[in-house]
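Sequence lines set the chain letters: A, B, ... in the order given, protein chains first and strands last, and positions in each chain run from 1.
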Amino acid sequence: MPYTANDIRRVEEKWQEYWQKNRIFSAAVNQGKKKYYVLEMFPYPSGKIHMGHVRNYTIADVIARYKMMRGFNVLHPMGYDAFGQPAENAAIKRGVSPAEWTYKCIDDMRVGLRRMGFSYDWERELATCDASYYKWNQWLFLKMFEKGLAYKKASAVNWCPSCETTLANEEVINGACWRCKNEVVQKELEQWYLKITHYSESLLADLQRLENWPARVRAMQENWIGKSYGADIFFKVSGSDETITVFTTRPDTIFGATYVVLAPEHPLTDRLSRGTAQEAAVRTFVEKAAHTSKSLRVSGDARKEGVFSGAFAINPVNGEKIPVWIGDYVLMEYGTGAIMAVPTHDQRDFEFARQNGLAMRVVITPSVGEKFDPEQMDRAFEDGGVLCQSAQFDGMPNEQAKKAISDWMQAKGIGRVSVRWRLRDWLISRQRYWGTPIPMIYCQTCGVVPVAQDQLPVRLPDNAPITGEGGSPLAKVPEFVQAACPKCGRSARRETDTMATFFDSSWYFLRYCSAHDDGQIFDPVQAAYWMPVDQYIGGIEHAILHLLYSRFFTKFIRDLGLVTADEPFERLLTQGMVLKDGEVMSKSKGNVVDPDEVIAKFGADTLRMFILFAAPPEDQLEWNPAGLEGNWRFINRLWNAVEQRYVREASGESALDAGDKKLEFERHAAIKRVTESMEGGFKFNTAISAVMVLMNAVDKYPDPSGVTAKQARLNKAIETAVLLLAPFIPHAAEELWEMMGQRISFGAGSVAFEPWPVFDEAALVTDKVKIVAQVNGKVRAEFEVPRDVDETFLRPLVLADEAVIRHMSGQEIRKFIVVKNKLVSIVTAEKAQ
RNA sequence: GGGCAAGUGGUGGAAUGGUAUACACGAAGGACUUAAAAUCCUUUGACCGUAAGGUCUUGAGGGUUCGAUUCCCUCCUUGCCCACCA
């Protein structure tokens with residue numbers, strides 16, 4: 001009887017119910033047992049689950065189930081990253097409240113997740129939009145405020161005109177909003193920030209320890225944090241008390257600085273030009289720059305625009321008077337917003353100088369005595385070399401000069417050694433409704449006052465008008481806005497912005513440790529047991545945003561003394577995308593395959609197996625309906641083997657004949673290959689292929705026809721195949737395990753807790769081995785020889801072989817190489833020449 | 001412009017210094033069947049050859065090695081990330 005669609009439905013539903021009813025995957029702290037925390041990036045509930053979710057969670061589930069069989073106490077929770085803009089859009093479009101829409105989506109997702117047979121501890125399920133969760137967002141925010149890590153400041157912020165809200169730097173991709181792709185503009189606003197830069201140093205340094213993260217993700221975070229070593233140098237403005245501080249990574253070129261450039265937004269641009277002939281020109285230029293879109297301004301190939309400020313600065317190392325320019329290629333956000341320009345040794349300065357007829361001086365040449373004529377250069381010389389025209393530093397290699405000159409300037413008080421970071425503080429205010437209210441109150445008398453902890457949560461009102469226009473919806477709810485000042489009790493105004501939703505997801509992995517604790521953010525004892533997450537799985541698109549924020553929060557929470565782990569995720573696996581016809585599956589492209597349809601036809605087990613077999617987890621996966629069918633056929637073969645060839649209660653030992661030995665060899669080889677594929681980085685595709693090889697051997701094994709010892713051997717092979725596949729096809733595995741009449745080890749029991757099979761190296765050692773003979777690097781013959789024989793045995797044997805003799809064509813032997821149990825390589829005189 | 005990853009049969013992919021193409025899909029032929037589906041068996045990198053056998057083949061070119069998909073150098077292509085970051 002094949003495993004029909006009806007059987008599949010019956011079996012999958014049966015076991016899903018069984019797991020649920022018997023709380024098979026409920027996790028509890030057990031100090032006597034080694035823990036393993038498997039976590040996938042929780043979904044944003046926007047509807048039913050899609051193939052991307054299926055892939056992500058199937059990978060996690062196989063890992064969780066494999067670790068259970070390996071004897072670990074596994075925590076594998078699931079929840080929903082439930083705040084966010086799509087819920088508001090749905091509200092505007094369909095007139096349902098964001099809460100209603102979100103909870104409906106969560107219900108749909110839960111159904112889909114259960115249908116896949118994932119081994120979640122459903123008792124820990126959480127949704128970030130529940131007040132019982134976001135209460136702790138607010139608590140954390142207050143803690144940060146208390147420690148000075150949450151602060152309010154007025155500054156130019158990224159503003160998405162389409163979403164009508166502010167954005168963090170990390171949310172601006174190529175000058176566009178990460179969500180709606182519209183262009184982001186700069187706007188001066190007073191907003192809440194989190195001081196992630198407080199942890200710059202450890203966020204960078206600890207990346208080194210995350211050896212089990214993809215190198216790519218680490219590199220991306222490193223670039224994002226962006227530590228640069230250099231010097232701040234003070235340029236006095238000629239005829240004024242002002243000083244321009246510039247940051248440079250090339251203090252070795254200071255003697256070649258021929259002008260200084262300020263960003264258009266630099267506070268000095270206005271002051272320096274005032275009263276000079278350049279005043280009007282500077283004002284026009286600054287205004288134009290303000291209206292040029294950021295993405296255009298910072299694109300690398302844009303023409304550099306600038307204007308003379310009318311002022312001069314003094315180069316502190318040689319007293320030279322050099323012009324101060326305003327240039328749009330200098331960014332206010334980085335360094336000090338001012339640079340010293342060394343056109344001969346920086347390509348950007350070179351272009352700007354040529355364009356504006358500014359002076360150039362060469363201060364580095366490839367070797368001593370060499371001369372460069374700036375007039376003859378067609379681009380800046382940015383390589384290393386030795387200094388010239390640099391006073392006492394002439395002749396010094398420039399790398400050495402970087403330090404020497406910095407130290408010298410620092411001693412003279414004209415500069416200082418400096419480190420600059422690219423990382424900015426995290427802007428978290430959002431002018432949105434569907435998020436966590438920021439628990440702050442503005443009092444006329446007392447200023448900015450935090451909400452008292454016992455007043456948490458500050459609940460989202462359910463009657464806010466959501467139009468997508470006109471700023472924070474919460475500001476339009478008088479009963480929300482109006483509050484008593486926690487300090488003086490007078491009437492005050494509540495903060496009406498909500499938190500960026502990345503706040504919610506920056507610590508949810510801690511909440512899972514005691515998901516329903518009402519008295520505290522999480523139970524430190526349980527967190528001490530479960531944390532850190534041993535294996536985290538999710539998309540590469542979170543390489544910077546979510547993963548960096550989570551690392552920051554973990555460090556902060558560690559500093560509160562609530563957790564000892566200082567990194568949240570020990571290992572990270574970034575799964576590849578699911579493609580169809582070479583394109584990412586997406587609703588907008590109209591090429592999505594609905595997991596439900598696949599499950600209805602082939603079952604969740606087949607879908608799981610296909611998705612793991614078709615490509616290694618990190619690679620892109622091309623959807624292939626034919627491959628899906630192939631995996632279904634394989635499950636069928638396993639099913640048939642149990643149904644037709646497995647005989648219960650067969651036992652007995654007997655001498656092994658060649659066929660038995662072969663089957664036994666394949667059984668151990670399969671265990672070894674699957675185990676190694678799992679341990680060596682979760683290569684599920686090769687793990688599955690190893691079981692296929694075993695099943696090929698089972699199918700070839702002759703009918704034991706009543707010989708119980710042979711039947712027992714066959715049984716063993718089939719049992720092994722079922723166990724090895726149990727993490728991949730859990731429903732079929734439970735059913736087959738039951739069909740085989742196997743004792744379930746403990747409790748209500750599940751094949752998920754059967755011990756993982758062990759292999760015996762001895763069973764993998766054969767008496768005879770095949771070796772090949774190469775002549776001058778090419779395989780010319782094959783021999784079967786006893787294991788471990790050496791050259792004395794092999795040499796006469798190989799040299800007597802007709803094909804070997806022929807290919808040696810009478811040449812003298814120069815080398816005779818033996819690789820034990822593998823090959824013999826003969827090198828002849830002809831080749832050696 | 002900088003960084004990282006990848007490039008292997010008709011297709012997905014395997015092999016991390018030792019027989020390249022495991023495993024699967026697809027295709028072709030055969031068995032069973034009145035027939036089809038399902039299942040089972042055989043073949044399946046390319047070229048030359050009736051065959052035995054030979055030659056070539058892991059993006060291109062070079063190098064190291066008895067031996068390279070694997071290590072090194074140069075280049076090409078694709079993907080991703082960063083980018084007037086001083």
Side-chain angles (χ1 to χ4, degrees), chain A residues 2 4 173-174 214-224 226-228 230 246-250 253 261 263 297-304 327-331 333-342 345-349 351-352 382 420-422 540-541 543-544 574 576-577 610 613-616 618-631 633-634 636-637 640 673 677 683 685-693 695-696 699 770-782 803 806-807 813-817 819-828 831-832:
Chain A
T4 64
I173 315 292
N174 290 331
R216 205 167 140 218
V217 174
R218 283 187 292 161
M220 280 161 73
Q221 291 212 358
E222 203 175 311
N223 284 341
W224 189 263
K227 186 178 192 177
S228 300
V246 307
F247 171 68
T248 180
T249 54
R250 295 294 306 272
T253 62
V261 191
R297 205 180 124 188
V298 301
S299 68
D301 39 54
R303 190 182 146 90
K304 296 163 183 45
D328 63 358
Y329 75 107
V330 176
L331 307 174
E333 306 88 85
Y334 185 74
T336 60
I339 62 158
M340 65 174 204
V342 186
H345 304 294
D346 182 288
Q347 184 60 22
R348 291 157 302 176
D349 297 343
E351 287 166 27
F352 191 79
E382 293 179 315
R420 295 279 168 178
W421 302 84
R422 191 182 169 283
I540 186 85
E541 66 274 17
I544 294 171
T574 50
M577 305 248 197
F610 164 72
F613 181 64
E618 295 88 349
D619 290 8
Q620 294 189 330
L621 180 142
E622 177 67 35
W623 187 257
N624 172 10
L628 194 67
E629 209 162 315
N631 283 106
R633 279 204 298 265
F634 177 72
N636 245 302
R637 273 176 66 198
N640 289 338
R673 278 197 61 200
S677 293
K683 306 289 177 213
N685 53 335
T686 53
I688 292 169
S689 78
V691 187
M692 287 174 167
V693 173
M695 284 310 292
N696 289 345
D699 285 355
K770 195 166 75 170
I771 64 154
V772 295
Q774 295 181 343
V775 179
N776 295 330
K778 288 203 163 122
V779 177
R780 297 302 183 184
E782 223 177 80
R806 181 151 38 93
H807 287 283
I813 297 171
R814 276 292 164 89
K815 275 189 185 171
F816 193 93
I817 297 155
V819 180
K820 213 179 223 184
N821 299 327
K822 276 215 173 105
L823 61 74
V824 167
S825 183
I826 300 164
V827 188
T828 66
K831 166 80 181 180

(request) Among the candidates B:C66, B:U19, B:A24, find the nucleotide nearest to the side-chain atoms of A:Val779. (result) B:U19
(message) From C-beta outward on A:Gln774, which listed nucleotide comes closest to its side chain: B:C84, B:G26, B:G18?
(response) B:G18
(request) List the steps and the verdict of side-chain contact (heavy atoms from CB on, under 4.5 Å) for A:Glu351 and A:Tyr329. (result) CA-CA 11 Å; A:Glu351 287 166 27; A:Tyr329 75 107; over 6 Å; no
Hey, does the side chain of [X] come within less than 4.0 Å of [N]'s phosphate (OP1/OP2), counting only N and O?
X	N	answer
A:Arg216	B:A6	no
A:Arg348	B:C85	yes
A:Asn624	B:G26	no
A:Arg673	B:A15	no
A:His807	B:G54	yes
A:Asn685	B:A14	yes
A:Ser228	B:A86	yes
A:Lys822	B:G18	no
A:Lys778	B:C56	yes

Can you check the distance between [N] and [M], where both ends of the measurement are the [atom1] atom (answer in whole Å)?
N	M	atom1	value
B:C73	B:A28	C1'	45 Å
B:U64	B:U70	C1'	13 Å
B:G53	B:G10	P	25 Å
B:A37	B:A51	C1'	40 Å
B:C72	B:U65	C1'	12 Å
B:U57	B:U69	C1'	11 Å
B:C85	B:G3	P	14 Å

(message) Any base atoms under 4.0 Å from A:Thr249, or only sugar-phosphate, or nothing? Heavy atoms, all strands.
(response) sugar-phosphate
(request) Any strand is fair game: report the nucleotide pairing with B:G49 by Watson-Crick or G-U wobble, both distances under 3.5 Å, or none. (result) none
(message) Quick check on B:G53: syn or anti? Syn means the glycosidic torsion is within 90 degrees of zero.
(response) anti
